[in-house]
Number of protein chains: 2
Amino acid sequence: MSAPRPLPAGVGDADFGRALAGFGDAVGAGHVLWDIAQLLPYGRIMLPLPDEDHQPSAVVMPASVEEIQKVLAVARRWHVPLWTVSTGRNFGYGSAAPATAGQVVLDLRRMNRILDVDAELGTALIEPGVTYQQLQAHLRERNIPLWLDFPAPGPLVSPLGNTLERGGGLTPYGDHFQHACGMEVVLADGSVLRTGLGGIADTTSWQAHRYGYGPYVDGLFTQSNFGIVSKMGIWLMPAPPAYRTIMAQWWQDEDLGRAVDAIRPLRLAETISNFGTLANATLMLTSMAKREEVYDGLGAIPIARANEFAKARGLPPWVYLFSLYGTPEQIEVDTRLVKRALEPHGATLVLDVDDPLQRNELSLQAFTLLNWNGGGGLCWFSPVAPNRGTDVVRQTELARRIMDAHGVDFMTGMTINGRDILNVMPLVFNRSDAVETALVRACFEELLTEFAAHGYGFYRTGIGFMDRVAELHGRAGHEFALRLKRALDPLGILAPGKSGIRI
Amino acid sequence: MSAPRPLPAGVGDADFGRALAGFGDAVGAGHVLWDIAQLLPYGRIMLPLPDEDHQPSAVVMPASVEEIQKVLAVARRWHVPLWTVSTGRNFGYGSAAPATAGQVVLDLRRMNRILDVDAELGTALIEPGVTYQQLQAHLRERNIPLWLDFPAPGPLVSPLGNTLERGGGLTPYGDHFQHACGMEVVLADGSVLRTGLGGIADTTSWQAHRYGYGPYVDGLFTQSNFGIVSKMGIWLMPAPPAYRTIMAQWWQDEDLGRAVDAIRPLRLAETISNFGTLANATLMLTSMAKREEVYDGLGAIPIARANEFAKARGLPPWVYLFSLYGTPEQIEVDTRLVKRALEPHGATLVLDVDDPLQRNELSLQAFTLLNWNGGGGLCWFSPVAPNRGTDVVRQTELARRIMDAHGVDFMTGMTINGRDILNVMPLVFNRSDAVETALVRACFEELLTEFAAHGYGFYRTGIGFMDRVAELHGRAGHEFALRLKRALDPLGILAPGKSGIRI
């Protein structure tokens with residue numbers, strides 16, 4: 001231990017050494033990382049926060065439930081906090097880094113078995129370290145006609161990890177938690193819980209039925225630190241006979257409200273059943289241009305400039321990219337309904353465009369936005385709106401005003417559900433520029449405060465902002481979470497600060 | 001207090017009197033029932049259990065959250081258990097009666113305000129005492145084109161209560177909990193929690209977005225006793241332009257397996273998006289005949305006899321009743337797909353049949369089964385199967401064998417989901433016949449044991465059987481529930497015994 005490194009809060013050097021030795025006994029010394037160079041990737045974040053606030057003290061990589069249990073025993077003994085990641089690719093929300101410096105990252109990537117795939121029912125049982133890429137290869141090798149629903153950050157993300165963050169994708173299975181079925185959870189005391197019908201001896205239906213008997217508890221283990229999920233069932237979509245990806249374009253910036261109001265009935269009726277995205281021109285430009293090509297003036301890109309640049313390349317201010325799935329006949333009928341619903345409200349439709357994420361293909365396309373200004377800074381602002389033009393317009397005006405004042409480019413890719421919209425805005429910035437980083441941070445904090453003041457909540461947030469976001473969601477909910485935390489992890493060793501929850 | 005009455009366990013006469021006085025202060029003396037005659041309806045059950053094991057000691061009817069809080073304070077003071085019901089019509093699972101004798105029924109029927117309906121988003125915010133009938137009248141008076149999803153027990157059931165039991169209906173919104181969005185919960189200590197985005201000041205999206213930030217906790221309040229839900233958001237289906245109810249018939253008893261396997265792909269692809277029911281002939285006969293017309297021999301109705309009687313009336317051994325919703329064009333296309341999928345597997349289809357529950361109309365039809373043998377006994381056996389012919393056939397053989405041995409008629413109405421099937425079997429019996437009642441009870445207990453031994457769990461169960469069913473679902477899940485219970489209700493005043501959970 002030559003270089004300086006953070007220690008877990010309240011743990012001295014000697015005890016930390018004993019804990020490391022214990023972890024080594026638990027998982028094999030080769031699977032405990034504590035050399036500064038080895039830790040570097042785990043502390044690498046894209047957020048507008050000081051690196052040193054989120055550096056881990058070590059990394060432990062168990063290979064089994066039994067090893068997790070042994071690691072937990074050591075953590076309890078020495079009061080060492082464990083920050084669990086599945087593969088640690090929570091990009092723009094903190095990647096693998098802990099909410100507070102000095103936590104030990106519990107990296108589950110070695111637990112990467114695909115335990116079961118039921119081709120008939122469309123279910124799988126996987127471990128945390130399984131990636132989308134790996135699961136896709138598994139299905140293809142066996143010619144199993146099931147689709148995956150990929151999240152934007154790409155092939156090496158863990159379906160389990162993404163689901164626990166309540167992440168999403170673009171197909172009709174885009175709400176990942178809604179398609180999770182049955183979990184195995186190792187609790188802080190080392191006991192193992194199987195949710196749903198997982199507790200029945202020789203269960204036949206663990207991955208088939210979500211609820212089980214008595215309280216349905218799976219939601220407790222999402223966006224939280226109540227347990228370590230060691231296995232999870234997921235539902236996979238049967239490959240549809242056909243699909244058609246459609247781009248609906250609105251050509252005026254002020255069309256946003258009517259676009260939303262025109263899309264809503266199609267989503268509510270499930271004529272459009274997938275989690276399509278309504279994106280603005282600037283977001284689309286990130287995949288086809290560098291920022292300096294679009295604008296080299298001071299401050300944020302003016303909306304008019306971005307829209308002008310996009311129009312010259314055939315792109316409108318607002319694009320809704322979605323897909324229809326089914327038989328060719330179903331798709332024809334649904335296409336007519338879509339046209340009838342959108343065209344009178346200002347949309348022009350482009351049929352049969354290509355989007356890998358909407359057709360069971362992996363893509364890193366969404367992450368071209370990191371190249372936008374080459375600075376490696378990314379911070380997602382993710383408020384929720386009711387699915388209503390007036391609210392989305394209000395959010396957009398609010399965000400643009402605040403971002404403008406901080407010199408941050410406004411971009412959004414809205415996931416349009418039936419009743420709500422996840423208005424996901426990437427704040428892309430040059431993280432090597434300290435002033436810009438500070439401005440983005442101030443911008444983000446003002447966005448949080450202002451949106452909450454307007455009655456809007458947030459679907460997800462990154463480390464460093466979790467306490468604040470939890471606070472904005474109200475005292476009662478937070479106290480309730482704390483009460484559960486004290487019952488389930490009285491020593492507070494699991495991921496303190498996750499979603500603002502700590503003892 | 002002239003007649004004998006049970007007291008809450010461990011509470012003496014004098015203290016109980018003080019508690020009643022306290023309840024009177026809390027809600028007004030007129031809203032505390034303790035006269036034996038007044039209590040009678042609350043102790044009336046259909047289950048094969050002794051009445052005396054489930055008689056309440058009193059009933060308290062608060063009219064507001066504040067009154068619930070006052071009632072809780074009294075209950076904590078005197079350690080009086082409160083068995084919460086919304087309207088108390090959990091027929092065949094215990095109706096309004098408590099899991100153990102002497103509990104005070106907390107009847108929320110006076111809290112019956114429809115607090116909000118959003119016609120655009122298709123959401124409502126309701127109190128526990130609101131009934132389906134009341135909500136339907138509200139929508140119709142205002143010409144709001146939203147549909148309700150009615151459960152079988154009819155118009156006077158509470159959507160909130162049914163959802164907390166994880167009940168279901170027949171439209172595409174048939175999984176009621178899946179369409180609940182945002183709860184207000186009064187905890188045992190009197191604190192009030194609003195889940196989801198309900199904690200944001202002036203929230204815009206409480207009924208639009210289900211999850212909120214941090215752990216998603218709504219499932220905790222279903223089939224449990226962790227809090228008193230005082231408000232709940234529900235999603236309502238936009239009235240479809242058209243619908244078609246179809247009856248698929250299979251004419252051989254041994255067609256069951258292939259029927260299930262033929263239906264599954266249609267459900268997985270959401271070509272059939274509603275929660276249709278696969279019923280056997282005997283269940284269907286309950287709505288058109290008296291038992292003695294079908295069979296007057298000893299023991300259970302022989303399958304062959306029931307099928308023969310049904311066939312003579314144009315009904316097959318197995319009927320799958322489901323609906324297609326959408327535009328007429330969509331329905332035409334989907335009808336062709338359904339035909340193509342089912343007819344080669346032995347089905348004959350009858351198009352455009354009528355089923356009120358599949359078209360936003362209330363009906364008591366399902367409860368004609370209480371008239372089957374005129375005895376008022378009804379006990380639902382509700383195992384879960386994976387959606388697979390072999391499993392459903394195995395369950396059917398198992399159930400028939402056990403029911404036959406106890407002289408109980410085999411009936412089933414299976415809710416066919418994409419991946420699982422709720423194989424809901426009513427045990428209908430003459431509750432005034434003590435021998436028959438005892439046989440049904442023994443039958444039910446053997447069904448539970450045998451199904452669990454074959455790896456099947458249960459979606460729901462009635463009072464009197466909750467401890468056993470919780471036990472069959474495994475120790476770890478039960479211990480987890482107890483841990484939550486101790487954290488949330490350390491005195492154990494909320495519905496002890498619900499889902500087997502008691503301190």
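Naming convention: chains lettered A, B, ... in sequence-line order (proteins, then strands); numbering from 1 in each chain.
Only the side chain of A/R210 comes within less than 4.5 Å of a heavy atom in chain B; its backbone stays farther off. Heavy atoms of B/T327 lying under 4.5 Å from chain A belong exclusively to its side chain. Heavy-atom distances place both the backbone and the side chain of B/Q178 under 4.5 Å from chain A. Looking at A/L484, the atoms closer than 4.5 Å to chain B (heavy atoms on both sides) all sit in the side chain, from C-beta outward. Heavy atoms closer than 4.5 Å to chain B are found in the backbone of A/A201, but not in its side chain. For A/I421, no part sits under 4.5 Å from any heavy atom of chain B, backbone or side chain. Within the 4.5 angstrom heavy-atom criterion, only side-chain atoms of B/F480, from C-beta onward, approach chain A. Neither the backbone nor the side chain of B/A453 comes within contact range of chain A, judged by heavy atoms closer than 4.5 Å. In this structure, the portion of B/D118 lying under 4.5 Å from any heavy atom of chain A is its side chain and not its backbone. If you measure heavy-atom distances from A/V192 to chain B, the contacts under 4.5 Å come from the backbone alone. Heavy atoms of A/T195 lying under 4.5 Å from chain B are absent altogether. For chain A, the nearby part of B/R336 is the side chain; its heavy atoms alone come within less than 4.5 Å. For A/H478, no part lies near chain B; criterion is any non-hydrogen pair under 4.5 Å.
Between chain B and the options A/V217, A/D391, A/D218, heavy-atom pairs under 4.5 Å are most frequent for A/V217. Interface summary for chain A: among B/S205, B/G199, B/G214, the most heavy-atom pairs under 4.5 angstrom belong to B/G214. Interface check for chain B: of the options A/A481, A/P172, A/G219, the most heavy-atom pairs under 4.5 Å are formed by A/G219. Annotation: maximal heavy-atom pairing with chain B below 4.5 Å, among A/W235, A/Y325, A/F221, A/F226, occurs at A/W235. Residue with the most contacts toward chain B among A/E332, A/H473, A/E165: A/H473 (heavy-atom pairs, distance under 4.5 Å). Ranked by non-hydrogen atom pairs under 4.5 Å with chain A, the options B/I501, B/D175, B/L164 are led by B/D175. Among the candidates A/G500, A/G196, A/P386, the residue making the largest number of heavy-atom pairs closer than 4.5 Å to chain B is A/P386. Top candidate by heavy-atom pairs under 4.5 Å with chain A, chosen from B/T271, B/L220, B/D202, is B/L220. With respect to chain B, the highest number of heavy-atom pairs below 4.5 Å among A/R475, A/H209, A/H454 belongs to A/H209.
A salt bridge links B/R483 with A/D189: at least one charged nitrogen is closer than 4.0 Å to a carboxylate oxygen. Ion pairing of A/E120 with B/R419 is absent here, as no side-chain N (NZ or NE/NH1/NH2) approaches a carboxylate O to less than 4.0 Å. Salt-bridge annotation for B/E329 and A/R340: present, with a side-chain N of the basic residue lying under 4.0 Å from a carboxylate O of the acidic one.
Taking A/T203 as the reference, A/L197, A/I200, A/W206 meet the side chain to side chain contact (heavy atoms under 4.5 Å, CB included) condition, with sequence neighbours excluded.
Looking at every heavy atom in both residues, A/L268 comes nearest to B/P238 through CB-CG, 3.8 Å. Closest non-hydrogen pair, B/N417 versus B/R267, comes out as CA-NH2, 3.5 Å. When all heavy atoms of B/R166 and B/T222 are compared, the pair lying nearest together is NH1-OG1, 2.8 Å. A/N423 and A/M414 make their closest contact through OD1-CG, 3.4 Å (heavy atoms, listed as atom of the first residue, atom of the second, distance).
The ring of A/Y459 has its center no closer than 6.0 angstrom to the ring center of B/Y211.
Paired with A/F381 under the rule ring pair (Phe, Tyr, Trp, His ring centres under 6.0 Å), one option of A/Y456, A/F465, A/F458 passes, and it is A/F458.
With contacts defined as side-chain heavy-atom distances shorter than 4.5 Å, the pair B/Y213/A/T461 qualifies. Between B/I272 and B/N274 there is a side-chain heavy-atom pair separated by less than 4.5 Å.
Stacking of A/R460 on the aromatic ring of B/Y216 is not recorded, the 6.0 Å distance cut-off and the 45° axial limit not both being met.
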